[in-house]
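What follows is a set of notes on a single structure, which appears directly below.
In what follows, every heavy atom counts, from backbone to side chain, and hydrogens, waters and symmetry copies are set aside.
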Amino acid sequence: MSAHNVVFGFGAHSSIDDIPELLRLVQQADQDGLDIFTLSDHPYIGGRLDAYAALGFILGRTQHIAGFANVTNLPTRPPAMLARTVTSLSALSDGRIVLGMGAGGLWDRIADMGVPRLTPGAAVDAFEEAIVLIKLLSGGGPPVTYEGNHYRVHQIEPAPVAAPPVWTGSVGAKSLAATGRVADGWIPGHAADWLSERYRTSRPIIDEAAASVGRDPSEIRTVFNFPGRITDRPLPATRDRDGRWLGGSVGQLVEELTGAVLEHGASGFTLFSDGHGAADLTVLARWAQEIVPSIREAIAK
């Protein structure tokens with residue numbers, strides 16, 4: 001995917017009980033021309049599919065759509081092995097994979113899996129090291145020796161496949177700065193959008209950190225997790241008193257998201273439409289067949 005193309009996707013079900021629905025949704029989205037689907041990564045929940053097993057299986061059943069874990073639970077997935085996983089998926093799917101990365105949020109549950117607990121600061125340091133190491137172990141070149149505070153490898157041959165784009169779910173200032181230094185995209189936390197205080201105060205931290213290491217901040221995407229209903233008729237108000245998006249008609253969504261791209265630099269949207277963090281088939285069809293084509297047409301003018 002080009003760094004300058006706006007991408008449109010949706011959040012998919014990740015429960016083992018929802019496997020038939022998951023496949024129907026992603027295959028329909030693939031046919032309808034959506035760019036990406038996302039799965040959550042909570043390996044401490046027994047009823048959830050393993051995100052990377054599911055991604056590999058679904059990518060094998062589709063032709064065009066890309067997949068990613070929104071976001072990868074890094075503490076449970078050693079980065080040297082994660083590099084092998086994502087470069088293999090990229091090779092198998094002709095590049096249809098994005099690496100979503102998080103420092104780890106639910107540390108009580110992560111620790112319950114036998115993973116040593118890290119302080120918040122150490123977890124962010126490990127997060128940045130992991131992204132650096134994954135990129136070093138991708139794209140060919142001589143064997144890699146890396147001596148970080150959290151991760152170490154000795155004379156490991158990189159995969160000949162380039163690393164996929166890395167999008168993070170950074171929230172705190174230290175994590176946001178790490179995103180600016182080493183990542184390729186950012187997903188604002190808590191479904192914050194382009195009009196939120198979280199976005200207004202967080203994105204400058206990313207941009208300043210990127211510029212400090214000689215990177216062009218504009219090359220780092222902002223991809224929004226976008227909740228809300230799609231209604232048959234226009235709503236009198238599409239946002240609540242706190243400014244959070246509630247939903248709207250097809251026309252209202254097209255206007256809102258077109259403005260987000262043209263006026264606020266949004267470079268992607270992942271639709272979440274129900275209380276389980278996923279879209280259903282009817283909503284997905286309206287998103288893919290009515291809303292997304294209209295936005296693409298509007299931003300292409």
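- Here the closest heavy-atom approach between residue Val115 and residue Thr76 is recorded as CG2-CG2, 4.1 Å.
- The existence of a salt bridge linking Arg244 and Asp193 is excluded, since no basic side-chain nitrogen approaches an acidic carboxylate oxygen closer than 4.0 Å.
- Remark: Leu176 CG to Thr168 OG1 distance equals 7.0 Å, nearest 0.5 Å.
- Looking at Thr62 and Gln27, their side chains come closer than 4.5 Å, going by heavy atoms from C-beta outward.
- Contact check for Leu284 versus Leu34: side-chain heavy atoms found under the 4.5 Å cut-off.
- Residues Ile291 and Val254 share a closest heavy-atom pair of O-CG2, 3.9 Å.
- With sequence neighbours left out, Arg229 forms a salt bridge (charged side-chain N to carboxylate O under 4.0 Å, His left out) with no residue at all.
- Residues Val171 and Arg198 have side chains in contact (heavy-atom distance under 4.5 Å, counting atoms from C-beta outward).
- In terms of heavy-atom proximity, Pro158 sits nearest to Val144 at CG-CG2, 3.8 Å.
- Of the possible polar contacts, one joining the Ser294 side chain to the Glu290 backbone as a donor-acceptor pair under 3.5 Å is found.
- Across all non-hydrogen atoms, the minimal contact from Ser170 to Phe127 is OG-CZ, 3.7 Å.
- Val71 is linked by a side-chain contact (heavy atoms from CB on, under 4.5 Å) to Ile187, counting only residues two or more places apart in sequence or in another chain.
- For the 3.5 Å distance criterion, the side chains of Asp280 and Thr282 fail to qualify, holding no donor opposite an acceptor.
- With hydrogens and angles left out, the side-chain atoms of Asn149 and Asp125 include no donor and acceptor closer than 3.5 Å.
- Looking at Arg117 and Asp108, their side chains come closer than 4.5 Å, going by heavy atoms from C-beta outward.
- For Ala103 against Pro75, the heavy-atom pair with the smallest separation is O-CG, 3.4 Å.
- The OG atom of Ser14 sits 7.0 Å away from atom NE2 of His42, with the distance rounded to the nearest 0.5 Å.
- Residue Leu253 is grouped with residue Leu262 when hydrophobic side chains (ILVMFWY) are merged at heavy-atom distances under 4.5 angstrom, including chains of intermediate members.
- Among residues two or more places apart in sequence or in another chain, the side-chain contact (heavy atoms from CB on, under 4.5 Å) test is passed with Pro234 by Ser249, Gln252.
- With 3.5 Å as the limit, one finds no donor-acceptor pair spanning the side chains of Thr87 and Ser138.
- Transitive grouping of hydrophobic side chains (ILVMFWY, heavy atoms separated by less than 4.5 Å) keeps Tyr44 and Leu39 in distinct clusters.
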Which is it for Phe57 and Leu23 under the side-chain contact (heavy atoms from CB on, under 4.5 Å) test, yes or no, and what are the steps along the way? CA-CA 10 Å; Phe57 183 81; Leu23 291 174; 3.9 Å; yes
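- Transitive grouping of hydrophobic side chains (ILVMFWY, heavy atoms separated by less than 4.5 Å) keeps Val161 and Ile134 in distinct clusters.
- Listed by first and then second residue, the ring pair (Phe, Tyr, Trp, His ring centres under 6.0 Å) pairs involving residues 212-236 are Trp194-Phe224, Trp194-Phe226, Tyr199-Phe224, Phe226-Trp245 (not counting sequence neighbours).
- You'll find the side chain of Leu271 stays beyond 4.5 Å of the side chain of Phe8, heavy atoms only.
- For residues 144-170, the set of pairs meeting the salt bridge (charged side-chain N to carboxylate O under 4.0 Å, His left out) definition, not counting sequence neighbours, comprises Glu147-Arg152.
- The salt bridge (charged side-chain N to carboxylate O under 4.0 Å, His left out) pairs that include a residue from residues 59-83 are Asp41-Arg77, Asp50-Arg77, where partners are two or more places apart or lie in different chains.
- In the hydrophobic clustering of ILVMFWY residues, with side-chain heavy atoms under 4.5 Å counting as a link, Leu106 and Leu118 come out together.
- With sequence neighbours left out, the side-chain contact (heavy atoms from CB on, under 4.5 Å) criterion links Val132 to Leu136, Tyr146, Val182.
- With sequence neighbours left out, the side-chain contact (heavy atoms from CB on, under 4.5 Å) criterion links Asp207 to Arg203, Pro217.
- Interatomic distance, NE2 of His13 versus CD of Glu21, reported as 5.0 Å (0.5 Å rounding).
- Using a 4.5 Å heavy-atom cutoff, the side chains of Leu49 and Leu22 are in contact.
- Side-chain atoms of Leu92 and Leu59, non-hydrogen and from C-beta on, never get closer than 4.5 Å to each other.
- Note on residues 248-268: pairs passing salt bridge (charged side-chain N to carboxylate O under 4.0 Å, His left out), not counting sequence neighbours, are Arg239-Glu256.
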Working note: Arg286 + Asp232, criterion side-chain contact (heavy atoms from CB on, under 4.5 Å); need CA distance, chi angles, decisive distance, verdict. CA-CA 10 Å; Arg286 299 194 72 182; Asp232 292 329; 3.0 Å; yes
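- A donor-acceptor contact closer than 3.5 angstrom is absent between the side chains of Thr270 and Thr38.
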What verdict does the side-chain contact (heavy atoms from CB on, under 4.5 Å) test give for Gln289 and Gln28, after you've listed the backbone C-alpha separation in whole Å, the side-chain angles of each residue and the deciding distance to 0.1 Å? CA-CA 11 Å; Gln289 298 171 16; Gln28 184 63 54; 4.0 Å; yes
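- For the atom pair CD1 (Ile295) and CD (Glu297), the distance works out to 11.5 Å, reported to the nearest 0.5 Å.
- Salt bridge Arg215/Asp184: present, at least one basic N to carboxylate O contact under 4.0 Å.
- Applying the ring pair (Phe, Tyr, Trp, His ring centres under 6.0 Å) rule to pairs touching residues 73-98 yields nothing, sequence neighbours excluded.
- The ring pair (Phe, Tyr, Trp, His ring centres under 6.0 Å) test applied to Phe37 returns no partner, not counting sequence neighbours.
- With sequence neighbours left out, the salt bridge (charged side-chain N to carboxylate O under 4.0 Å, His left out) criterion links Asp32 to no other residue.
- For the residue pair Tyr52 and Thr72, a side-chain donor N or O sits within less than 3.5 Å of a side-chain acceptor on the partner.
- Note that CD1 of Ile36 and CZ of Arg96 are 11.0 Å apart. Values are rounded to the nearest 0.5 Å.
- Summarising the geometry, atom NZ belonging to Lys174 is positioned 13.5 Å from atom CD1 belonging to Ile205; distances are rounded to the nearest 0.5 Å.
- A 4.5 Å side-chain heavy-atom check between Val6 and Arg296 finds every atom pair outside the cut-off.
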Determine, stepwise, if the pair Leu82 / Met101 fulfils side-chain contact (heavy atoms from CB on, under 4.5 Å). CA-CA 11 Å; Leu82 186 56; Met101 289 285 280; 3.8 Å; yes
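- Cluster annotation: Met81 is not connected to Ile156 through the hydrophobic network of ILVMFWY side chains, with a link wherever side-chain heavy atoms come within less than 4.5 Å.
- Aromatic rings of Phe68 and Trp167 (six-membered ring for Trp) have centroids within the 6.0 Å cut-off, being under it.
- Here the closest non-hydrogen pair linking Phe10 and Ala29 is CE2-CB, 3.4 Å.
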